[in-house]
Protein chains: 2
Amino acid sequence: MPKRNQCLTEHEQRARPVPDTGSADAAIAALAWAIAHPARVRILRILLARKACVCGELVDQMPLAQSTVSQHLKILKEAGLVQGEIDGPKVCYWVDADGLARLKEIVGGL
Amino acid sequence: MPKRNQCLTEHEQRARPVPDTGSADAAIAALAWAIAHPARVRILRILLARKACVCGELVDQMPLAQSTVSQHLKILKEAGLVQGEIDGPKVCYWVDADGLARLKEIVGGL
DNA sequence: ATACTTTATCGGTAATCAACGATTGAGGCT
DNA sequence: AGCCTCAATCGTTGATTACCGATAAAGTAT
């Protein structure tokens, strides 16, 4: 951690230009945003604890309406962190291991 | 990744109750939220590339108004990811290494 | 003291998010 | 077919966010 008055000079700053990382920034932001809500973190935790879980069970474990939970699941799915599959009248959800790994990797790589 | 129809039975589910993780969920969500915006990720990247950076330099590197960048810096500071110190008329910012480590740890621990 | 920089904060606007109830649609059951 | 269950979607509401310009505060220099 830099000490007081340890900012780089203008010359030093120019010597180390920061590369353009627009799309990468957007990617990490999107992934982070998916877990930027307690309910979505909770959903991930439940799905990790049980290997998989039916939507209705998820709803039972949360103080939220069914439609709200469904909304959060959609967000997690779109971020690639969760997958779901229709299983009879129910829908079974589980954590997309690749997606979660990608999240960890991208955050760890900061 | 579970295969089709690999949801747990009700008995299996009840046997493995998911512990209450309310505050931890909120903590990770708050931290994730701080980097859930491309501009804030960009700021982090710039601060990491240069050990430290004056606010004005940050503004120059982003297509955002000064007041907007200042807002994002405040958010990052409140999340504990960035620290700032007044240096004459300017303000020098740098990444809070502990905070960033905490973010990585908490995400990696998912 | 005055003028100039630099950055934080204020005020306002448009857009997005979170939450809910109600509805729809897709499957199973009798 | 008719009924029931389960989950996604729709429509709405209130709250929050992102962004900007303008202003204020704090420092430096003339």
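Quick note: numbers below take in every heavy atom, side chains included, and nothing from hydrogens, waters or symmetry partners. Residue numbers start from 1 in every chain, and the chains themselves are labelled A, B, ... in the order their sequence lines are given, proteins ahead of strands.
Rounded to a whole Å, the CD1 atom of B/Ile43 is 13 Å from the C1' atom of C/dT7. Rounding to whole angstrom units, CD of residue B/Glu78 and C1' of C/dT9 are separated by 13 Å. For the pair B/Lys74 NZ and C/dT9 C1', the computed distance is 7 Å after rounding to whole Å. The nearest whole Å value for the distance from the CG atom in A/Leu73 to the C1' atom in D/dA8 is 11 Å. The separation between B/Lys77 atom NZ and C/dA8 atom C1' is 8 Å, rounded to whole Å.
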Would you check, one step at a time, whether the test side chain to side chain contact (heavy atoms under 4.5 Å, CB included) holds for A/Leu100 with A/Leu48? CA-CA 11 Å; A/Leu100 184 59; A/Leu48 284 166; 4.1 Å; yes
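One hydrophobic cluster, built from ILVMFWY side chains closer than 4.5 Å, cannot hold both A/Leu31 and A/Trp33; they sit in different ones.
Closest to the side chain of A/Lys90, out of C/dA18, D/dC10, D/dC6, is D/dC6. Distance from the side chain of B/Trp33 is smallest to D/dT17 among C/dA19, D/dA7, D/dT17. Distances from the side chain of B/Tyr93 to the nucleotides C/dA19, D/dA18, C/dT7 place C/dT7 closest.
Heavy atoms of B/Leu64 sit under 4.0 angstrom from primed sugar atoms or phosphate atoms, though from no base atom.
Each of B/Ser70 and A/Pro89 was assigned the nucleotide of DNA chain C with the nearest heavy atom; the assignment lying further toward the 5' end belongs to B/Ser70.
Side-chain contact check for A/Val41 versus B/Thr21: every heavy-atom pair is 4.5 Å or farther apart.
Checked by atom type and distance alone, the side chain of B/Arg40 never pairs as donor or acceptor with a backbone atom of B/His72 at under 3.5 Å.
The phosphate of D/dA8 (OP1 or OP2) has no side-chain N or O of A/His72 nearer than 4.0 angstrom.
Side-chain to base pairing of A/Gln66 with D/dA8: one donor and one acceptor N or O lie within less than 3.5 Å of each other.
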